[in-house]
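Inspection log for the structure reproduced underneath, given as structure tokens.
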There are 2 protein chains.
Amino acid sequence: MDRDQTEKDDEASGRPTLKTLAFMTGLGVTTVSRALKDAPEIGAETRRRVQLVAKQIGYRPNRAGVRLRTGKTNVISLVLNTEREIMSFVSDIIYGVSEVIADTPYHLIVTPYSRSQDPLDPIRYLVETGSADGVIISRTQPNDPRARYMLERGIPFATHGRTDMGLIHPYHDFDNYAFATEAVRHLAGIGRRRLALLAPPVELTYHSHTLNGFTDALSEVGASEIPFNTVSVDHSIEQIRMRTAQLMRRDVRPDGFVSSAAAATLAIVAGIEDAGLKLGRDVDVVSKQSSDLLHLFRRELLVVNENFRLAGAELARSVLGWIGGATPGSLRSLSKPTGVLAYRPPD
Amino acid sequence: MDRDQTEKDDEASGRPTLKTLAFMTGLGVTTVSRALKDAPEIGAETRRRVQLVAKQIGYRPNRAGVRLRTGKTNVISLVLNTEREIMSFVSDIIYGVSEVIADTPYHLIVTPYSRSQDPLDPIRYLVETGSADGVIISRTQPNDPRARYMLERGIPFATHGRTDMGLIHPYHDFDNYAFATEAVRHLAGIGRRRLALLAPPVELTYHSHTLNGFTDALSEVGASEIPFNTVSVDHSIEQIRMRTAQLMRRDVRPDGFVSSAAAATLAIVAGIEDAGLKLGRDVDVVSKQSSDLLHLFRRELLVVNENFRLAGAELARSVLGWIGGATPGSLRSLSKPTGVLAYRPPD
DNA sequence: CCTATATACTGAAACGTTACAGATTGTCAC
DNA sequence: GTGACAATCTGTAACGTTTCAGTATATAGG
């Protein structure tokens with residue numbers, strides 16, 4: 001009776017469970033469970049036997065069962081702003097994260113939030129509902145309530161970009177200070193003296209990194225700044241284009257630009273040309289880019305590469321590291337810009 | 001005694017459960033469960049009372065509990081090729097999907113697969129492990145094993161792009177036939193007679209849609225085709241650029257291009273210019289784009305817009321519709337190109 | 001007054017997993 | 001031969017939910 005019933009139970013459900021394995025091996029469910037996770041109190045042979053059978057029939061632990069029992073979700077959440085995120089950032093960072101979690105049990109869920117919402121909302125949701133074991137956030141601010149909140153709750157996370165609150169947490173950042181200084185030095189090297197910076201939005205930490213690098217290098221090389229802070233890389237293409245054109249029609253206009261984003265650079269160049277000036281002759285532009293396309297746009301553009309896929313991979317590694325018990329302080333990384341491309345004079 | 005214990009249980013765990021609600025309302029767990037889902041056999045007042053309390057204390061059903069009991073995951077999976085997917089496609093489609101599932105209990109998980117893998121692998125994984133209630137796939141083929149597989153298993157899905165297997169399933173597609181015909185007509189309208197097509201990869205369904213539109217319109221307007229099928233939009237920028245330059249140096253060279261992707265268009269233009277020819281004078285290019293950037297690249301470019309965010313939203317709606325019991329046949333949509341932008345003659 | 005029926009509610013069981021607290025052996029010291 | 005102990009293994013309960021099979025009460029029909 002008993003056996004018949006058990007058999008039927010196992011046959012009926014398509015997917016093997018611990019019970020199936022227990023039946024097949026003649027062991028108890030508990031033993032099977034522990035054998036699969038290499039618990040020491042299970043005999044070596046039993047362990048091998050269970051693992052063999054499990055592999056043979058393609059056993060995979062039921063995520064809901066594990067999650068209900070242990071609270072472990074095996075989920076990493078990537079939190080994204082649906083309006084302001086850089087396009088290539090989204091795909092590259094996702095692929096970077098994917099690459100790292102590919103041979104782990106982790107799934108990647110994307111948690112979006114929009115302009116209208118408090119950026120803390122999605123984080124609160126994730127933490128309150130226990131929807132993820134780890135979180136990755138971008139658009140990091142010097143005093144970031146999201147980081148503070150997660151630190152308080154003890155949920156592992158990593159930020160793309162640094163904070164400046166005296167709190168330690170994993171991050172990955174691109175060295176925007178180095179980017180800006182190299183950009184300025186390069187422009188000075190080809191004779192540019194009046195430089196404008198299209199900066200990141202003020203509220204984000206890398207705004208000041210970029211700005212500091214820019215102004216430090218400016219005084220180092222003895223060049224001057226033409227203020228261009230009515231727009232940031234967050235503004236629309238049209239806005240940036242218009243403002244650039246306005247700026248370039250002024251008496252004292254820049255002869256060099258440093259741009260923190262590739263799409264914005266397209267707008268800057270358009271604005272320059274709207275004003276009847278020529279890139280490479282009247283003005284030079286150094287831009288960050290994440291895909292290798294800007295040099296097709298105008299060969300005179302000077303580019304510095306930022307690798308978002310790498311960022312995604314690093315962020316994922318950090319979060320997994322923290323979940324795995326590593327100390328947050330050891331999970332910080334900074335990636336250096338790969339140098340300004342050599343200037344090619346116009347034909 | 002009993003009460004003390006119950007109270008303690010509820011106090012201890014931070015998050016309210018049905019048990020918490022049951023205790024607070026003085027009802028049974030079953031009643032609470034049913035009251036929350038508006039079951040008819042619960043008294044109207046009780047129902048309101050339970051729902052009020054639930055809202056007040058911020059009750060949210062435990063996903064693992066629901067999933068374990070019912071098998072419902074409340075997850076939609078977006079399956080992406082980590083090498084070949086168009087960059088803007090990834091971010092836009094994610095945002096489109098997000099937009100639709102925002103006020104549902106659904107989460108979006110991204111399931112990646114790489115070049116080396118069988119595209120069926122991630123699908124098998126999802127289905128076998130029951131990881132999602134619905135799936136969205138892209139890079140759809142005329143005879144698509146993934147669609148067939150999911151249809152057999154009865155798991156709701158939607159494809160970006162159509163299949164051609166005589167099987168009915170939800171899809172969203174851009175009308176690439178219309179795109180190609182309009183592109184050709186426009187080029188013919190401005191006097192171009194020898195046209196080349198940079199097509200999608202042959203294995204994907206929209207290759208033939210595009211090609212058919214191209215050739216049909218070609219004979220309609222009496223223009224001729226210059227074969228350009230050694231490359232597709234899947235090839236690298238460098239490859240496309242090189243092939244284009246080769247083509248443009250030949251005696252019989254195209255005076256018009258139709259390009260199925262924006263990034264590829266950059267390469268085509270670069271190739272044209274490598275050959276010493278000028279866009280708008282020697283040759284015109286019509287291109288699809290998904291973000292509004294190509295006109296900044298070269299103002300002579302003729303562009304047609306494909307809205308991936310809309311595609312994401314439509315795909316999500318389709319999958320949710322299918323899950324909700326709608327008939328697959330009713331969940332198909334085709335989006336028309338928004339017209340070729342007016343040609344602006346060079347200054 | 002009793003029975004049938006509808007209404008409103010409830011406890012127990014189950015989904016698959018892990019943790020806790022044993023239970024069953026065999027080995028060894030004395 | 002007995003007790004102690006280690007080595008292996010096992011049953012039960014619990015995580016939060018829904019479903020099944022009820023139970024209790026009120027209402028109506030006869």
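In what follows, every chain begins at residue 1, and chains take the letters A, B, ... in the order their sequences are listed.
- Taking atom CG of residue B/L27 and atom C1' of nucleotide C/dG11, one finds them 14 Å apart after rounding to whole Å.
- Note on A/T30: a base of the nucleic acid sits closer than 4.0 angstrom, heavy atoms only.
- For the pair A/R67 CZ and D/dA14 C1', the interatomic distance rounds to 18 Å; values are reported in whole Å.
- As a whole-Å value, the separation of B/L18 CG from C/dG11 P is 14 Å.
- Taking the ring-ring contact (aromatic ring centres under 6.0 Å, His included) definition, one finds that A/Y149 meets it with nothing, sequence neighbours left out.
- As a whole-Å value, the separation of A/K37 NZ from D/dT8 P is 19 Å.
- Between the P atom of C/dA13 and the CG atom of B/L68 lies a distance of 17 Å, rounded to the nearest Å.
- Comparing C/dT10, D/dT17, D/dT10 by their nearest atom to the side chain of B/N62 picks out D/dT17.
- Rounded to whole angstrom, the span from the CZ atom of B/R34 across to the P atom of D/dG22 amounts to 15 Å.
- Here A/G28 lies in heavy-atom contact (under 4.0 Å) with sugar-phosphate atoms only.
- Side-chain polar atoms of A/D144 and A/T163 form no donor-acceptor pair below 3.5 angstrom.
- You'll find that the side chain of A/T46 is closest to D/dC9, out of D/dC9, D/dG16, C/dA19.
- Note on A/S33: a side-chain N or O is less than 4.0 Å away from OP1 or OP2 of C/dT18.
- Of the N and O atoms on the side chains of A/R148 and A/N143, at least one donor lies less than 3.5 Å from an acceptor on the other residue.
- Comparing B/G65 and B/V29 against DNA chain C, the residue whose closest nucleotide sits nearer the 5' end is B/V29.
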Sequence neighbours left out, cut at 3.5 Å: what donor-acceptor pairs do the side chains of residues 315-332 of chain B make with other protein atoms?
from   : atom 1 : to     : atom 2 : distance (Å)
B/S318 : OG     : B/E314 : O      : 3.0
B/S318 : OG     : B/L331 : O      : 3.1
B/T327 : OG1    : B/G329 : N      : 3.4
B/S330 : OG     : B/T327 : O      : 2.6
B/R332 : NE     : B/G329 : O      : 2.9
B/R332 : NH2    : B/G329 : O      : 3.2

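- When the P atom of C/dG22 is taken as reference, atom CD of A/E41 falls 16 Å away, rounded to whole Å.
- Nearest nucleotide to the B/T17 side chain, out of C/dT18, D/dT17, C/dC9: D/dT17.
- Separating the NZ atom of A/K72 from the C1' atom of D/dC15 is a distance of 17 Å, rounded to the nearest angstrom.
- Under 3.5 Å, the side chains of B/S77 and B/T111 contain a donor-acceptor pair of N or O atoms.
- Position along DNA chain D of the nearest nucleotide to B/V66 versus A/T31 favours A/T31 as the more 5'-ward residue.
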